[in-house]
Each structure stands twice: as C-alpha cells, then as structure tokens.
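To start, the structure under review is shown below, and the notes come after it.
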Number of protein chains: 2
Amino acid sequence: MYYKRTMGDDEGVSVQAIATTFEILETLRDRDGAGVTELATEVGVSKSAVYNHLSTLSALGYVTQENGRYRLTYGFLQLGLAIRERSPLYTASKSALQTLARTTNETVNLVVPEGTHGVYLYRVGGDEHPIPEGGQLALHASAAGKAILAFWDATRVKEFIEERGLPALTDGTVTDPAALRDQLRSIRDRRVAFDRGEQIPDWQCVASPVVVEGDPIGAVSVSGPADRMRGKRLEEDTTGLVVSTAKSIEISLLESDGRTNTV
Amino acid sequence: MYYKRTMGDDEGVSVQAIATTFEILETLRDRDGAGVTELATEVGVSKSAVYNHLSTLSALGYVTQENGRYRLTYGFLQLGLAIRERSPLYTASKSALQTLARTTNETVNLVVPEGTHGVYLYRVGGDEHPIPEGGQLALHASAAGKAILAFWDATRVKEFIEERGLPALTDGTVTDPAALRDQLRSIRDRRVAFDRGEQIPDWQCVASPVVVEGDPIGAVSVSGPADRMRGKRLEEDTTGLVVSTAKSIEISLLESDGRTNTV
DNA sequence: CCACCGCGTTTAGCCATAGAGAACAAACTT
DNA sequence: AAGTTTGTTCTCTATGGCTAAACGCGGTGG
C-alpha cells in the first residue's frame, strides 16, 4: 500500500498533516457534515487519523460534533469575514452596491482577483447565482473576470493564459487567445465587459472594473438569467449604472486612501 | 528547553501541527498579515517550522505571500460563507433583516448560538458595531444572547453559568445568577431582551429570539450607540419591529421547513 | 432475544516527519 | 561597505502522527 496520497498534488506541501486537515475541512464544507468513516475513505487515511484531526479541530473550536456527525463551526466565518472587512475596496463599495442592487433589482457582485482566479467577495440582491458568495470564478469566462484581465499588462495576460489555458465552460466561452485579446482591448476602452452565457449557460452578466493606479483591484457586476437580462433600454441602463457605480467607488477609494494599500 | 507550548491549552489536541497552524492563521487574521520571524516569536516555534507551515498553507491556497508579508487568502471566505449559506435561518432571515435595517436606519444583527457563545452570523445596515460580523459574543451580556438563553431549559442555563461564569464586561453586566434568571423569565414572556451597555459601554441593543420547536436557534437584534437609541417612541417602535421581524422569520421557517434541520 | 454488523472511540507501536538549529542569501539600515 | 534583519535552505533526530487491530455500543434483522 504505497501510494502516499489519493492524488499527487503535494507540490510544496511540507507539513502533510495540514494538507490532510484541509482535505477533511473541505469535505465537511462540501457535504455539510460527515462521519469519521466516511471522511477516512474520502480522504484516504485511517479512521484513527481522521479521528485525531477531528478531535483536535474540535478542541480548537473549528468543528463540532452533534448527533454523531461532525460539521464545521462558524469559526471559519470569523476568519473569512475578518479578511473581507479589512479590504478597503469592500468597505468602500458596500453601500454603493446595495443601492445598485435596489435600483436594478438584480444580483450585484463584487469580484476581486486572487492569484489566477477571481473571488466573489460580496453579493447583494439575489440568491439565485449558481456560484455562491465567497466562491471562485474563472477570469477568462466571466464579465467581471474579463474586466479585470483587461487592465493587466500584456505579459501578465500571456502568463495567465499559459498557466491556466482558456478552458471552455460553455459553448460560448472565449477559448481563442487572439479573440480574448480583442475583447480585452475594447473592454479597456469602454470600461464594460459582457458575458452572455460564457461561464454558465443562460446566465448573463455586465461588469465594470475598479482601477486604482492602473491596477484592477476588482470589478462590479450585475448578473441574472438570460431571459430577464433582455431589452435594449434595460440593458443600456444597467450598463450605465454598473459603470458609474464602479467609477464612483474608484473615486471614493482615491479620496479616503492616501497610503493604505489597495484591494 | 522543555515547556512545550507557550500556554498549556492542549486539552484534547492530539495533532499538534494543526494547533500550530491555526495559531498562525489566527495571528495572520488579527494582524492582517505578518512575516516569518514575527510569527515565530508570537507562536513560539522555530522560524523553519513557521516557514514550513506557511509554504504548505500557501500551496493549499489559504495563504499568499506578497511583498515579503504573508496574509490569509479568501479561501476562508469560501469555507465560512458556505456554512452560512447552508443555514436555513440565514436564508430565511436575510431579506427581512435588510428591510428591518432600512426602516429602523440602525444596525441589524442575526445572532446564533454555538456551544456556549454566540456568533454574529449576519449584519446589515451599519459598520460601526464594535464586534465584527462573524465575531463571537458572550450570551449573558447581550440582548441577543439573553434572548437565546431565555429559551434554554433551567438545567442548561445552570450548566452554562457553571462553565462560563458571568464575567462583567462593563459596569452594567448582569453578574448575579438570580438576577439573570429573573430577566430571562421576563424575556421569555415578552419575547424581547434589552442591553443597555452590558456588553459594551454606551452601546444599546434590543433583541427578539427565533424559536423553532422550543429551541432558540437565533435572535434578531438592533443595536446602536446609546445617544441614538433614545426616545420612548423610537424605542417602542423599534422594539415592536424587532419582535415582529423575528416572529415572521419563525413563521417562514415553519412554512418552508418540513424535515430539514434547523439552525 | 441474540448474533451481527456498522459506527465512533481507544489503545499499542513503528516509522516517518515535523520541528530545532544553524548556515545561507538577499534586502535593508547605518 | 560593514552590520542587521529578513526569508529561505539544509541537516538531523526525537517526537508525534499514523496505521492497524481491538474495543464497546447502538441498531437491525433473523
């Protein structure tokens, strides 16, 4: 029995126990609770190992056991929200996004780049979005992602494409580098990006980037099911509102921010 | 050199590496980023140990390194928000709480019990609250906490008091068990709890519990600085709105919920 | 009613590995 | 340029994380 892990992704992982713990935690997140045996087979370690991890996490307050099943506690909410709260972009955007959600009557997202993917940092005005708040998204296949990519310099975009490729998430996903670059140029000029089912079928999206000192620290997007995001007037109006909201966030960031760092 | 940890809280911790990792993570959260040496002295382990932990966490995507400092990524947001999203109470409450925030023009909180403390599961309508969203609160020294305690049975309250005591957080904190029990009785009858600077000086609060099948799964609270939470009319109006909001959440939970579990 | 799973938990014990410590390199302050 | 201080790498070994096997219990079905 001597394959070490289920998968060989131990690149740079020097403390195995941590990798195991997070595999357990992620499984608990995805299944909304689980038992020891279940986790042991899923993660690929012995029952007693899982038990040790769980009891440790439980002693630390990150996991609870109720009626035989283990589940994550809100300790992770404390970790996650604390980081978000420290983001100047988030605090500067929040109320403007709420207003935008109310006037458009659609789901409004704040997306930030992290590494080579995007994160839904905040959402307001709807719960029907397929990717949950806090979840990740592909930068090349979403309006918000493209709005961010548009303000990266060419070499960085090149590296991004080389590293991640342009996998097709739907029929509409832009998979050709040249086509993507064309779009990015126009997005940079107009400050608007669109997504018509490139990320999720029948899901449309308008986004505008928030750029501080040339750096796209995030993007505001409005999204909804394709059948509701129709009509020229509405579309144009929404687009205008998204752009002006993003712009006003930029301005309020410049005002407040003398030396604090961005994002 | 043979004291093991800085503090001897290794009760039930059988995988030391996990405890170390979470100490590092919590330090990163509290300081909003830190360096290796800094963390090593703070946590009380060697630099190389910290380095190993950080590079592992970094490989797993929970930590990034930018310009020399390590900081938490939004991976924790994904863990934390995923749990919240699964809470029927949260999803059932959200829009009602937003409405409440708009009509009262004050900060509205949703608090849930976890173990022997409370957690601010959601907040809307203000950012001046001293305890951040996702943060913990003492059940005996807050309106929302007392609203929850009021619907625990006597033995559980007794155990709670024995385990945690009733530490005074301000001059106004209720520290006498008998006095607390008196308050709880009246809270259970009226379905309203008050906090006039018992948790934080000059910070007032009104709360009403959400009770499902006799179990207080959470509480709705409205809070603000003492000078703004004055005036009989406003106070009575607010109280009424809080109670009716909590009640309406109860009802919508009962409607949707046939067999799904609570909290 | 009892044998039988299945579960979470506990117990031994070996071997890997997590961590200490020192040496290194690069980025600073002086 | 010398002197600090940082992050990183290396080596080594006692620690502690992990496996395997056994335990106790609650539920199920014969």
Side-chain angles (χ1 to χ4, degrees), chain A residues 1-25 27-28 31-60 62-73 259 261, chain B residues 1-25 27-28 31-60 62-73:
Chain A
M1 221 266 237
Y2 259 88
Y3 286 95
K4 229 0 165 352
R5 284 281 128 204
T6 342
M7 299 190 58
D9 254 60
D10 296 0
E11 209 59 30
V13 173
S14 58
V15 186
Q16 255 301 343
I18 300 178
T20 306
T21 278
F22 275 95
E23 270 188 77
I24 291 173
L25 291 172
T27 309
L28 285 176
R31 308 205 173 175
D32 199 20
V36 175
T37 312
E38 189 181 349
L39 288 165
T41 58
E42 174 69 26
V43 177
V45 293
S46 69
K47 272 201 301 176
S48 56
V50 171
Y51 179 75
N52 286 334
H53 281 251
L54 287 174
S55 59
T56 303
L57 289 166
S58 172
L60 296 173
Y62 286 99
V63 153
T64 350
Q65 182 188 22
E66 44 196 31
N67 53 50
R69 289 181 81 70
Y70 288 89
R71 63 164 195 82
L72 302 183
T73 70
R259 57 218 61 88
N261 28 357
Chain B
M1 223 268 235
Y2 258 89
Y3 285 96
K4 229 1 167 352
R5 278 290 121 206
T6 343
M7 299 190 56
D9 253 59
D10 296 0
E11 209 59 29
V13 173
S14 59
V15 187
Q16 256 302 339
I18 300 179
T20 306
T21 277
F22 275 95
E23 269 187 78
I24 290 173
L25 291 172
T27 309
L28 285 176
R31 308 205 174 175
D32 196 20
V36 175
T37 312
E38 188 181 348
L39 287 166
T41 58
E42 174 69 26
V43 177
V45 294
S46 69
K47 273 202 297 176
S48 58
V50 171
Y51 180 76
N52 287 335
H53 281 249
L54 287 173
S55 58
T56 303
L57 289 166
S58 172
L60 297 173
Y62 287 98
V63 154
T64 349
Q65 182 188 22
E66 45 195 30
N67 52 51
R69 290 181 80 71
Y70 286 89
R71 63 164 193 82
L72 301 183
T73 71

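Here is how names work: the chains are called A, B, and so on, in the same order as the sequence lines, proteins then strands, and each is numbered from 1.
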- Write down the atom of Leu60(A), the atom of Ala19(B), and the distance for their closest heavy-atom approach. CD1-CA, 3.8 Å
- Message: From OH of Tyr70(B) over to P of dT6(D), roughly how many Å is that when rounded to an integer?
- Response: 14 Å
- Whole angstrom is fine here: how far is it from CD1 in Ile18(B) over to P in dA18(C)? 11 Å
- Of Ser48(B) and Glu38(A), the one whose closest nucleotide on DNA chain C sits nearer the 5' end is Glu38(A)
- Task: Measure across Ala34(B) and Leu39(B) and return the closest heavy-atom pair with its distance rounded to 0.1 Å.
- Result: CB-CG, 3.9 Å
- Query: dC18(D) phosphate, OP1 or OP2: any side-chain N/O from His53(A) under 4.0 angstrom?
  - Reply: yes
- Query: Does OP1 or OP2 of dT5(D) have a side-chain N or O of Thr37(B) closer than 4.0 Å?
  - Reply: no
- Message: Check this for me, if you would: do Glu38(A) and Lys47(A) make a salt bridge, where the nitrogen-to-carboxylate-oxygen distance has to be below 4.0 angstrom?
- Response: no
- So, is Gln65(A) close to the dT9(C) phosphate, meaning a side-chain N or O under 4.0 Å from OP1 or OP2? yes
- Query: Could you give the CG-to-C1' distance, from Asn52(A) to dG16(D), as a whole number of Å?
  - Reply: 10 Å
- Any idea which heavy atoms bring Leu28(A) and Tyr70(A) closest together, and the distance? CD2-O, 3.4 Å
- Query: Closest to the Ala49(A) side chain: dT19(D), dT9(C), dA20(C)?
  - Reply: dT19(D)
- Query: Should Tyr51(A) be listed as having a side-chain N or O under 4.0 Å from OP1 or OP2 of dT19(D)?
  - Reply: no
- To the side chain of Val36(A), which of dC18(D), dA20(C), dG8(C) is closest? dG8(C)
- Whole angstrom value for the distance that separates C1' of dG24(D) from NZ of Lys47(A): 12 Å
- Distance in angstrom units between Glu23(A) CD and dG17(D) P, rounded: 17 Å
- On DNA chain C, nearest-nucleotide positions of Arg69(A) versus Ala17(A): which is more 5'? Arg69(A)
- Message: As a quick check of understanding, evaluate side-chain contact (heavy atoms from CB on, under 4.5 Å) for Arg71(B) and Val63(B), giving each step before the final call.
- Response: CA-CA 6 Å; Arg71(B) 63 164 193 82; Val63(B) 154; over 6 Å; no
- Task: To the nearest Å, give me how far apart CD1 (Ile24(B)) and P (dG7(D)) are.
- Result: 13 Å
- Item | Nucleotide dT6(D), atom C1' - distance to CG of Leu54(B) in whole Å | 14 Å
